[in-house]
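Just so it is clear, the values below take in all heavy atoms, side chains as well, and ignore hydrogens, waters and symmetry mates. Predicted model only: the values in this text are computed from it and were never measured.
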Amino acid sequence: MEIKATASAMVLLLLLAWCCNVHVEAQVPIPAKIDGFVYRGAPVWGHSVVVEAFFDPLCPDSRDSWPPLKKALRHYSDRLSVVVHPFALPYHSNAFIACRALHIANKLNASSTYPLLELFFKFQEKYYNQPTYNLPRASIIKDMARLAVAAIGKNSLSTFLSGFNDTRTDSATRISFKYGCSRGVTGTPFFFVNGMPLSQSGSELAYKEWRSIIDPLLERQI
């Protein structure tokens, strides 16, 4: 009996060792085009510095990070390109819906994406977890759709709502999240400059901080 027990234990240990050494890889879905919304369609590659910002539309730190970054955009003009990646934080109950709304807006009218993002920032408190705790998902979607109309156009309500029945917008929103995870994004705001992560990510960056990061890069390009 002792020999059998020892043999069984050895088999179990071998199985555990084998399981621990099994390495399973799953391919993250490759989007038809690179993820993210380019601000005002500016050229991303070339002689400009590229800032990638991972924002949750319902994150107060993302909201507070946008004005100083936008000010830097105005200052540098075509020497700075910004790409925003929607990243729905799992502890913000309505963040996935808001990120999907941005994808729908971008599909219907690309120029409406950033105005809608700014509307989410302006009114985000009404979509926080506590105020919407007893609201059904359909009611939240309809309310966000009415908000989107202000950015997209008066006659866009039904078309916008139908976007939530389009599996492609659901897939695009999922891919945005997976794309962020694949690059090590763990919260918002999260910034990359010319492909490199900023150590200051996770909180608002002041305008002066953006200047201190970008000015030396542009000087080195000359």
Side-chain angles (χ1 to χ4, degrees), residues 28-44 51-60 62-63 65-67 69-70 73 81-182 185 188-189:
V28 175
I30 301 174
K33 59 180 181 179
I34 193 165
D35 183 76
F37 310 125
V38 181
Y39 186 74
R40 291 185 176 174
V44 176
V51 172
E52 293 175 89
F54 286 80
F55 283 163
D56 179 336
L58 304 186
C59 166
S62 294
R63 175 197 63 202
S65 295
W66 177 234
L69 179 54
K70 190 176 181 181
L73 270 165
S81 298
V82 170
V83 181
V84 166
H85 302 276
F87 190 79
L89 294 173
Y91 39 84
H92 292 159
S93 301
N94 302 310
F96 187 87
I97 302 174
C99 288
R100 190 173 181 182
L102 290 175
H103 277 287
I104 295 170
N106 190 68
K107 183 180 177 183
L108 295 177
N109 180 1
S111 64
S112 70
T113 310
Y114 278 88
L116 179 56
L117 176 64
E118 291 179 345
L119 284 172
F120 275 130
F121 285 159
K122 183 177 181 180
F123 298 105
Q124 68 175 205
E125 292 183 8
K126 68 184 294 189
Y127 301 115
Y128 285 172
N129 295 356
Q130 189 59 39
T132 59
Y133 182 76
N134 292 314
L135 295 178
R137 184 173 182 272
S139 173
I140 297 168
I141 288 175
K142 287 181 180 178
D143 194 85
M144 287 187 179
R146 287 192 288 268
L147 186 69
V149 166
I152 303 171
K154 294 181 180 178
N155 299 320
S156 62
L157 181 60
S158 61
T159 306
F160 186 86
L161 283 170
S162 67
F164 282 98
N165 295 318
D166 187 344
T167 58
R168 290 172 295 182
T169 63
D170 178 74
S171 177
T173 312
R174 292 170 186 261
I175 288 174
S176 289
F177 180 77
K178 292 177 181 179
Y179 178 70
C181 292
S182 74
V185 176
T188 60

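- In this structure the side chain of F120 never reaches within 4.5 angstrom of the side chain of D56, judged on heavy atoms.
- The closest donor-acceptor contact from the side chain of S65 to the backbone of P189 lies at 3.5 Å or more, if one exists at all.
- Taking each heavy atom of H85 and D35 in turn, the nearest pair found is ND1-OD2, 2.7 Å.
- F37 places a side-chain heavy atom less than 4.5 Å from the side chain of H103.
- Residues L69 and Y39 are not in side-chain contact: their nearest non-hydrogen atoms beyond the backbone lie 4.5 Å or more apart.
- In terms of heavy atoms, L116 sits closest to A148 at CD1-CA, 3.7 Å.
- Relative ring orientation between F177 and F87 is described as parallel, the plane-to-plane angle staying below 30° on a 0-90° scale split at 30° and 60°.
- Expressed to the nearest 0.5 Å, how far CD1 of I104 lies from CD1 of I152 amounts to 8.0 Å.
- Across K126, Q124, E125, a single residue satisfies side chain to side chain donor-acceptor pair (under 3.5 Å) together with Y128, and that is Q124.
- Counting only heavy atoms from C-beta outward, the side chains of V149 and F160 never approach each other to under 4.5 Å.
- For the pair S62 (side chain) and T188 (backbone), a donor-acceptor distance under 3.5 Å is absent.
- The CZ atom of R40 sits 8.0 Å away from the CG atom of L73 when rounded to the nearest 0.5 Å.
- Y114 and E118 share no side-chain donor-acceptor pair at under 3.5 Å.
- Under the 3.5 Å distance criterion, the side-chain polar atoms of S182 are matched with a main-chain donor or acceptor of Y179.
- Atoms OG and CZ, from S176 and R100 in turn, are 12.0 Å apart once rounded to the nearest 0.5 Å.
- Here the side chains of S171 and T167 are not in contact, with every heavy-atom distance at 4.5 Å or above.
- Taken from CG in L157 to OG in S162, the straight-line distance is 10.0 Å, to the nearest 0.5 Å.
- Note that OG of S93 is 9.5 Å distant from CG of L58, once rounded to the nearest 0.5 Å.
- Within the 4.5 Å cutoff, the side chain of Y127 has no heavy atoms near those of the H92 side chain.
- Looking at every heavy atom in both residues, A105 comes nearest to T113 through C-OG1, 4.2 Å.
- Heavy atoms only, all atoms of each residue included: D166 and T169 are closest at O-OG1, 2.9 Å.
- In plain terms, the two heavy atoms of S112 and N109 that are nearest each other are OG-O, 2.6 Å.
- Side-chain contact between D143 and L147 is absent, with no heavy atoms from C-beta onward closer than 4.5 Å.
- Atom SG of residue C99 and atom CG of residue N94 lie 11.0 Å apart, to the nearest 0.5 angstrom.
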